[in-house]
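Comments concern the structure below.
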Amino acid sequence: MTDLPTFIAGLPKVELHVHHVGSASPRIVAELAARHEGRSPVPADPEALADYFAFRDFAHFIEVYLSVVDLIRDADDVWLLTHEVARELARQQVRYAELTVTPYSHVNRGIPAPAFCEAIEDARKRAEADFGIALRWCFDIPGEAGLPAAEQTLRIALDERPDGLISFGLGGPEIGVPRPQFKPYFDQARAAGLRSVPHAGETTGPETIWDALRELGAERIGHGISAVQDPALLTYLAERRISLEISPTSNVRTRAVPSIDAHPLPRIVEAGVPVSINSDDPPMFGTTLNDEYAVAARLLRLGPDGVAALARDAVAAAFLPPAEQARISAEIDAYRASAAR
Ligand SMILES: O=c1[nH]cnc2c1ncn2[C@@H]1O[C@H](CO)[C@@H](O)[C@H]1O
């Protein structure tokens, strides 16, 4: 029997909560920063970047995040970033990923929406050919930019409608950004067949999650960790099999939870709420998806069977056709069986 990290490294996975710009590797960020030498606070040196990705609080994290968004200036940068993110996911045996992209943030930095969508689509198709990974898009509203960003994100989603687009989200800070105001935009996105996956309950309480469910028709919740404060909400999520997209290290690095041992994941799982394990913004948090599975295994006291079950739970929560879900789950089971020998 191989050791758990080795087992995790080879385990077929899907990832459902991972941000496009947030996945820019130190090498890619350094390469982009070098192109804008001197005009960006982002260090062009990968070592210095590790210090730069140390966050005082969530607001500081968003400030740093946006400084990396500033580095992405044209469609070539978008293509490079997307193709490299796919390479890293495939290296970790990710077969399918729902990547959160924020078109508003790039369009308002001068990249036309058609060029942005053409770049991510071309990179998506090339990644499928080069790495055998299937990428789909979640277009998210950067909450800090409010209703103008909601309007433009919806417009781009409906007017450009890239083939890989499957869901509509809401990211950025929650404090001072109440969810109900975004109801008209989520109603239109859902009416157009996009799945609803807003962030909620990351840095605010359970009421934000209730709003995401009741006002935005959330089918999954980004983070949702404050659900642990509301037993009725835990029951609601468990009974309706509404999965929480958990990114343990993210919550520690953005100071949403004080330490990894204080993370509510065990209590959420104990309440029967389905979860997927994700990395959110891996290089910014000094982690990888495989590392997050190892963290979850430690918190939940799992061995190979439990870790394989986590991977299957993420597949079950993915917006994939049932035949595709069955195929990836069967691959997980075959891998688990072969590792047992
Ligand atoms: O953990 C996270 N929580 C909330 N937003 C996040 C996170 N990681 C990345 N973003 C991104 O920050 C952008 C701000 O413009 C949001 O659009 C969201 O995609």
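Both counts, for ligands and for their atoms, begin at 1 and track the order of listing.
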Enumerate the atoms of ligand 1 whose separation from the nearest heavy atom of His223 is less than 4.0 angstrom. 1 (O)
Starting from atom 3 (N) of ligand 1, find the nearest protein heavy-atom neighbour and note its residue, name and distance. Glu202 OE1, 2.8 Å
Exactly one candidate in Arg195, Arg124, Arg136, Arg220 meets salt bridge (Lys or Arg N to Asp or Glu O under 4.0 Å) with Glu98; the answer is Arg220
Close side-chain approach of Ser67 and Tyr52, heavy atoms under 4.5 Å: yes
For Phe55 and His60 the tightest heavy-atom approach is CA-ND1, 3.3 Å
Return a table of donor-acceptor pairs under 3.5 angstrom between the side chains of residues 170-180 and protein atoms on other chains or two or more places apart.
unit_1: Glu174; atom_1: OE1; unit_2: Gly201; atom_2: N; d: 3.0
unit_1: Glu174; atom_1: OE1; unit_2: Glu202; atom_2: N; d: 3.4
unit_1: Glu174; atom_1: OE1; unit_2: Thr204; atom_2: N; d: 3.3
unit_1: Glu174; atom_1: OE1; unit_2: Thr204; atom_2: OG1; d: 2.4
unit_1: Glu174; atom_1: OE2; unit_2: Gly201; atom_2: N; d: 3.4
unit_1: Glu174; atom_1: OE2; unit_2: Glu202; atom_2: N; d: 2.9
unit_1: Arg179; atom_1: NE; unit_2: His199; atom_2: O; d: 3.2
unit_1: Arg179; atom_1: NH1; unit_2: Val177; atom_2: O; d: 2.8
unit_1: Arg179; atom_1: NH2; unit_2: His199; atom_2: O; d: 3.2

For atom 18 (C) of ligand 1, closest protein heavy-atom neighbour: Asp140 OD2, 3.4 Å
Give me the residue, atom name and distance of the protein heavy atom closest to atom 15 (O) of ligand 1. Glu144 OE2, 2.5 Å
Atom indices of ligand 1, in the order listed, that fall short of 4.0 Å to a heavy atom of Phe58: 3 (N), 4 (C)
Atoms of ligand 1 close to Asp280 [distance to a heavy atom under 4.0 angstrom, numbered from 1]: 1 (O), 2 (C), 8 (N)
Report the part of Phe285 in contact with ligand 1, treating N, CA, C, O as backbone and CB onward as side chain, heavy atoms under 4.0 Å; options are side chain, backbone, both, neither. neither
When you measure from atom 8 (N) of ligand 1 to every protein heavy atom, which one gives the shortest distance, and what is it? Asp281 OD2, 2.7 Å
With heavy atoms only and a cut-off of under 4.0 Å, state how Leu66 meets ligand 1: side chain, backbone, both or neither. side chain
In ligand 1, which numbered atoms sit nearer than 4.0 Å to a non-hydrogen atom of Thr102? 17 (O), 19 (O)
Residue pair Thr102 / Asp140, side-chain donor-acceptor N/O under 3.5 Å: yes
Pair Asp281, His19: side-chain N/O donor-acceptor within cut-off below 3.5 Å: no
How close do Ser105 and Pro142 get, heavy atom to heavy atom, and via which atoms? OG-CG, 4.0 Å
Any heavy atom of His20 closer to ligand 1 than 4.0 angstrom? no
Nearest-neighbour protein heavy atom for atom 10 (N) of ligand 1, which is reported as residue plus atom name and distance: His19 CE1, 3.5 Å
Flag side-chain contact, heavy atom, 4.5 Å: Glu215 against Gln181: no
Return the closest protein heavy atom for atom 5 (N) of ligand 1 as residue, atom name and distance. Gly172 N, 2.8 Å
Under 6.0 Å between ring centres, would you say that holds for Phe139 and Tyr104? no
Under-4.0 Å heavy-atom contact with ligand 1, by part of Ile62 that carries it: side chain
